[in-house]
Amino acid sequence: MSNNHYVMLHDEKRCIGCQACTVACKTVNDVPEGYSRLQVQVRGPEESAGGMHFQFFRVSCQHCEDAPCISVCPTGASWRDDNGIVRVDAKKCLGCDYCVAACPYHVRYLHPETHVADKCNFCADTRLAQGLDPACVSVCPTDALRFGRADAPEITQWISQHNAYQYQLENVGKPALFRRKETHLGDKA
C-alpha cells in the first residue's frame with residue numbers, strides 16, 4: 001500500500017455499535033433497502049474479569065492490495081484510483097457478479113435496480129469529492145472512526161500509539177482499514 005493512499009481507522013474500544021455510521025452511509029450513498037455498504041457487527045459476548053464483553057467490528061470494503069474483485073472483472077469496471085480506493089465504474093459494469101463472488105470479505109452486492117456492483121468507496125463520488133470525510137466518519141458520536149492518508153502524521157501516530165491491527169484474510173493483500181481492538185478489563189489498553 002502506498003503511503004499516500006487513504007486509510008480508515010476503526011477504534012473498536014470507542015465504538016458503541018450505535019449504527020449511526022451505517023445509517024449515514026445508506027442515506028448519502030442511496031443504498032437500497034435490504035443492502036449495505038457498511039455494517040458494524042456485534043461479536044461476543046465473552047466473559048472477562050469485568051463481566052461481559054462485546055466487540056464492535058466494522059465490516060466494509062477493505063480496499064485491499066491485490067484486490068481479487070479487480071483481477072476478476074472482465075471489463076475493468078472494478079479498479080483502484082490514485083488514492084488507493086477500490087472503485088466501480090457503473091458505465092463499464094455488466095452486472096456479471098464476478099466481483100461480488102470474488103470478494104473474500106463479502107462486502108459487495110449488485111444493486112437490485114441498476115444491476116451494477118456496489119460497495120464502500122469512502123464516499124469518493126460524494127463527500128470526498130467535496131473535500132469532506134466519508135459520511136460514516138462525520139456522524140460517529142464517539143470519534144471511533146478516523147480517515148486520512150496513510151502518511152499523514154495524525155494517522156501514523158494513531159496507528160503506532162494504539163497498536164493497531166489489520167484484519168487480513170489469507171491470500172489477500174493488506175487492507176486499508178486499521179483497527180484498535182477493545183481490551184478486556186484487566187488487559188493492557
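What you are looking at is a predicted structure, and each value in this text was computed from that prediction instead of being measured.
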Does E170 reach the side chain of P104, with side-chain heavy atoms less than 4.5 Å apart? no

Atom of E33, atom of K26 and distance for their closest heavy-atom approach: CA-NZ, 4.4 Å

The test is side-chain contact (heavy atoms from CB on, under 4.5 Å); show your working for L38 and R58 and say whether it passes. CA-CA 7 Å; L38 159 68; R58 179 187 172 102; 3.5 Å; yes

Could you measure the distance from the CD atom of E12 to the CZ atom of F54? Nearest 0.5 Å is fine. 15.0 Å

Which heavy atom in C120 sits nearest to a heavy atom in H63, and how many Å separate them? O-CE1, 3.4 Å

I'd like to check the side-chain hydrogen bond (donor to acceptor under 3.5 Å, both in side chains) partners of E154; sequence neighbours left out, ordered by chain and number. none

More than 12 heavy atoms of other residues, nucleotides or ligands under 6.0 Å from CZ of R146: yes or no? no

Residues in side-chain hydrogen bond (donor to acceptor under 3.5 Å, both in side chains) contact with R149, at least two apart in sequence or another chain: Y6, N83

Could you tell me whether a side-chain N or O of R80 sits under 3.5 Å from a main-chain N or O of C64, the two making a donor and an acceptor? yes

Exam field: side chain S78 to backbone V88, donor-acceptor pair closer than 3.5 Å: no

Using 0.5 Å steps for rounding, measure from the OG atom of S60 to the CZ atom of R108. 12.5 Å

Please list, chain by chain and in numerical order, all residues satisfying salt bridge (Lys or Arg N to Asp or Glu O under 4.0 Å) with D66, sequence neighbours excluded. none

Let me confirm one number: the CZ-CG distance from R179 to L9, rounded to the nearest 0.5 Å. 11.0 Å

Drop me the distance from T142's OG1 to I16's CD1, to the nearest 0.5 angstrom. 5.5 Å

Test item: S138 and L132 side chains (from C-beta on) under 4.5 Å apart, heavy atoms: no

Specify the closest pair of heavy atoms between G17 and V40, including all atoms of both residues, with the distance to one decimal. CA-CG1, 4.2 Å

Residues forming a ring-ring contact (aromatic ring centres under 6.0 Å, His included) with H111, sequence neighbours excluded: none

side-chain hydrogen bond (donor to acceptor under 3.5 Å, both in side chains) involving Y98 - partner list, sequence neighbours excluded: none

same_hphob_cluster(V28, L145) at 4.5 Å side-chain heavy-atom cutoff: no

Heavy-atom check, side chain of T75 versus side chain of C93, under 4.5 Å: no

Check: K13 side chain, H162 main-chain N or O, donor-acceptor pair, under 3.5 Å: no

Nearest 0.5 Å, what's the SG-CG distance between C61 and D118? 10.5 Å

For V7 and A150, which heavy atoms make the closest approach, and how far apart are they? CG1-CB, 3.9 Å

Taking the hydrophobic residues Ile, Leu, Val, Met, Phe, Trp and Tyr, and joining any pair whose side-chain heavy atoms are under 4.5 Å apart, which ones share a cluster with Y35? V31, Y109

Starting from V59, walk the hydrophobic network (Ile, Leu, Val, Met, Phe, Trp, Tyr; side-chain heavy atoms closer than 4.5 Å) and list everyone else you reach, by chain and number. F57, Y105, V107, Y165, Y167, L169, V172

Hits for side-chain hydrogen bond (donor to acceptor under 3.5 Å, both in side chains) against N29, two or more places apart or cross-chain, chain-then-number order -> R37

Running the 4.5 Å side-chain criterion over Ile, Leu, Val, Met, Phe, Trp and Tyr, what cluster does L110 land in, apart from itself? V100

Which pairs with one or both residues in residues 87-96 pass side chain to side chain donor-acceptor pair (under 3.5 Å), sequence neighbours excluded? D81-R87, R87-D125

Give, for atom SG of C140 and atom CG of D133, the distance between the pair rounded to the nearest 0.5 Å. 11.5 Å

Listed partners of D11 passing salt bridge (Lys or Arg N to Asp or Glu O under 4.0 Å), at least two apart: R180

Could you pull out the closest heavy-atom pair between Q166 and P175, with the gap in Å? NE2-O, 2.6 Å

Under the side-chain contact (heavy atoms from CB on, under 4.5 Å) rule, collect the residues that match up with A102, sequence neighbours excluded. P68, V72

Checking side-chain contact (heavy atoms from CB on, under 4.5 Å) for the pair V86/K119: CA distance, chi angles, key distance, verdict? CA-CA 9 Å; V86 175; K119 58 167 221 54; 3.7 Å; yes

Membership question, hydrophobic clusters at under 4.5 Å side-chain separation (ILVMFWY): are F122 and L177 in the same one? yes

Is the shortest side-chain heavy-atom distance between R127 and P134 below 4.5 Å? no

Check the pair F147, L128 against side-chain contact (heavy atoms from CB on, under 4.5 Å), reporting the backbone distance first and the verdict last. CA-CA 11 Å; F147 180 78; L128 223 58; 3.4 Å; yes

Quick check: do P74 and C96 have side-chain heavy atoms less than 4.5 Å from each other? yes

